[in-house]
Number of protein chains: 2
Amino acid sequence: MQHKPITILIVDDHPMVVEGLKTLLSDNPAVAVRTHFTNGNDTLEFLEKEIVDVILLDVNLPDISGVEMVKLILDKRATIKILGLSTYSEPSIINQMIKNGVKGYLLKNATSDELVSAISKVHNGEFYFGSEIQKILADSVAQESKDVPKLTRRETHVLRLIADGKTTNTIAEELFISPLTVETHRRNLMQKLEVSNAASLIKFAIEKKFI
Amino acid sequence: MQHKPITILIVDDHPMVVEGLKTLLSDNPAVAVRTHFTNGNDTLEFLEKEIVDVILLDVNLPDISGVEMVKLILDKRATIKILGLSTYSEPSIINQMIKNGVKGYLLKNATSDELVSAISKVHNGEFYFGSEIQKILADSVAQESKDVPKLTRRETHVLRLIADGKTTNTIAEELFISPLTVETHRRNLMQKLEVSNAASLIKFAIEKKFI
DNA sequence: TTCAATATACCTGAAAACCATTAGAAAAAA
DNA sequence: TTTTTTCTAATGGTTTTCAGGTATATTGAA
């Protein structure tokens, strides 16, 4: 049975990758690369007038973040299936992309087969996440549920300032609150995070990207 | 004037990039991609018997680190010109690669022109570093010369332990020295690093990869 | 071998951080 | 609207850090 080919839009600022994708997909009659863009704005402009079936979207574009792009594209064209594409796998970004509506996610070390399979899956309304991505997702879910004890906004703010090396008094001045309050926050932070000194607190802050 | 084409070996575990490079280079009669490998060991095995002019070497291979690869390749075939290739630019890695003997460095968002130009330059015995890389190198040199005030081995060790969240007494026990000595080290560290509290000390330690 | 750098150790006082607990006001959630 | 959470603040005490200086053994390089 002969279908119309799936039309593809490539959005990636790496010429090597763009050419690679085109080459990898050129053998396959089931897909047709319509065109490509190297930044977010051109892509959005194109989508004002035209439409494709699947977008291969690099996460790191020079102008607009991948996470933002997903939202903007789907606001405009809700039916387009977006397949995220990145070199390394950052759980938080992947999570956000999924929250915003990507239908699949590929690492750039994916094989030609994976690529085609991912495209046809998302085009059929299914999801596609490679085994590596699935592992990351599982890990991040597991971590989220146990690790991070949900800091309040104020606590997060105070933690950031503590980790900046600021003293209790400085923080108090900066936030227009009493040093005693700052100390209370610090103590609550240490309790929540189950640490017993400032060092571990700062380590936590840096590791969890609070800084 | 018609030269023999420059023979190229591509080493990268991303099929998309490999295909992209091949496509980008296929137009140009001055270069000829001999073959490609997706890991370090296969590459080294190949180089036992064969030789090429220029190797396009991805920094992040699955088996051997890029830095190590440069050394291993040049140990075997000192005349080969190696052009480093990576998506993101990590100063320390780039520096190490250069120390080990790469003749140039490209980011994967390089254009086709840059790519060809880089290849021909390194083949002619020149160096090639894109403007972004040059900026990184300049920055890292500038930083190195002023920032890091050369900690002694002991100080580094103590710093690591402090940043691990260990108390003075614990550190003292662990190193079989007096807690007072640990405090002295801490004090000297703070003086050297020009910070006035433990928090900043830990931040320094983490940022400078002491941990 | 001498000298400089390093690692070790100690003292002291002031400042800051840490611990435990309580509690009212404000904001968010139910 | 009521309930819960969060933010604020205080008391009072203990521990740790910070900053000043001093001093000795060890090590490595000139």
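Computation of the quantities below employed the complete heavy-atom set of this structure, encompassing side-chain atoms and omitting hydrogens, waters and symmetry-equivalent molecules. Just so we're on the same page: letters track the sequence lines, and every chain starts at 1.
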Side-chain donor-acceptor contact under 3.5 Å, Thr181(B) with Thr184(B):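 No, Thr184(B) and Thr181(B) have no side-chain donor paired with an acceptor closer than 3.5 Å.
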Modelled atom types, side-chain donor and acceptor of Ser86(B) and Tyr105(B), under 3.5 Å: yes
Side-chain heavy-atom pair Leu175(B), His157(B) within 4.5 angstrom cut-off: yes
Summary of protein contacts for nucleotides 25-30 of chain C, nucleotide by nucleotide, where a base hit scores B, a sugar-phosphate-only hit scores S (4.0 Å, heavy atoms): ------
Protein-to-nucleotide contact annotation, 5' to 3' order, nucleotides 8-16 of chain C [B base; S sugar-phosphate only; - none; under 4.0 Å, heavy atom]: BBB-----S
All pairs passing side-chain hydrogen bond (donor to acceptor under 3.5 Å, both in side chains) where residues 66-78 of chain A contributes a residue, at least two apart: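 side-chain hydrogen bond (donor to acceptor under 3.5 Å, both in side chains) check on residues 66-78 of chain A returns Glu48(A)-Lys76(A).
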Within 6.0 angstrom of Glu50(A) CD, more than 12 heavy atoms from elsewhere: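 More than 12 heavy atoms, drawn from other residues, nucleotides or ligands, come within 6.0 Å of this atom.
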[N] [atom2] sits how many Å from [X] [atom1], rounded?
X	N	atom1	atom2	result
Ile171(A)	dC18(C)	CD1	P	11 Å
Lys166(A)	dA17(C)	NZ	C1'	18 Å
Met190(A)	dT16(D)	CE	P	12 Å
Ile162(B)	dT17(D)	CD1	C1'	11 Å

Partner residues of Phe46(B) under the ring pair (Phe, Tyr, Trp, His ring centres under 6.0 Å) criterion, sequence neighbours left out: Phe37(B)
Contacts of type side chain to side chain donor-acceptor pair (under 3.5 Å), residue Asn100(B), not counting sequence neighbours: none
With sequence neighbours excluded, residues passing side chain to side chain donor-acceptor pair (under 3.5 Å) with Glu174(B): Lys166(B)
